[in-house]
Amino acid sequence: MNQLTVELPPNISIEEARLLLTIKLFETGKLSLGQAAKLAGYSKRTFIELLGKMGIPVVDYPAEELELEISL
């Protein structure tokens, strides 16, 4: 596993930076939900709740595909 060392400003905690990084990696498809939750140090359920509070969808399902599924 790769390691990254970053100097953070005093107003940003390590936990906050780790959470924001894992959210972005999940959002861009670089990490799965489980991988992101584990890296952030949360259960999947808690990580999903945090994503919801930040307005980030857990499931990326295009509207066109959803409409097609519903019409079948």
Minimal heavy-atom distance between Ser43 and Ala37, with the atoms involved, is O-CB, 3.9 Å

Is there a continuous path of hydrophobic side-chain contacts, each under 4.5 Å between heavy atoms, that joins [X] to [Y]?
{"X": "Leu21", "Y": "Leu39", "answer": "yes"}
{"X": "Val59", "Y": "Ile70", "answer": "yes"}
{"X": "Leu19", "Y": "Ile48", "answer": "yes"}
{"X": "Leu8", "Y": "Leu20", "answer": "no"}
{"X": "Leu25", "Y": "Val58", "answer": "no"}

Here the side-chain hydrogen bond (donor to acceptor under 3.5 Å, both in side chains) pairs for residues 4-14, sequence neighbours left out, are none

Query raised in the report: Relative to each other, are the rings of Phe47 and Phe26 parallel, tilted or perpendicular (30° and 60° limits)?
Result: perpendicular

Residue Ile14 excluded, over 12 heavy atoms near CD1 under 6.0 Å: no

Q: For the pair Glu49 and Lys53, find out whether any cationic side-chain nitrogen is under 4.0 Å from an anionic carboxylate oxygen.
A: no

Are Glu27 and Lys24 ion-paired here, with the side-chain N under 4.0 Å from a carboxylate O? yes

For Lys30, the salt bridge (Lys or Arg N to Asp or Glu O under 4.0 Å) test, sequence neighbours excluded, returns none

Gln35 meets the side chain to side chain donor-acceptor pair (under 3.5 Å) criterion, sequence neighbours left out, with Ser32

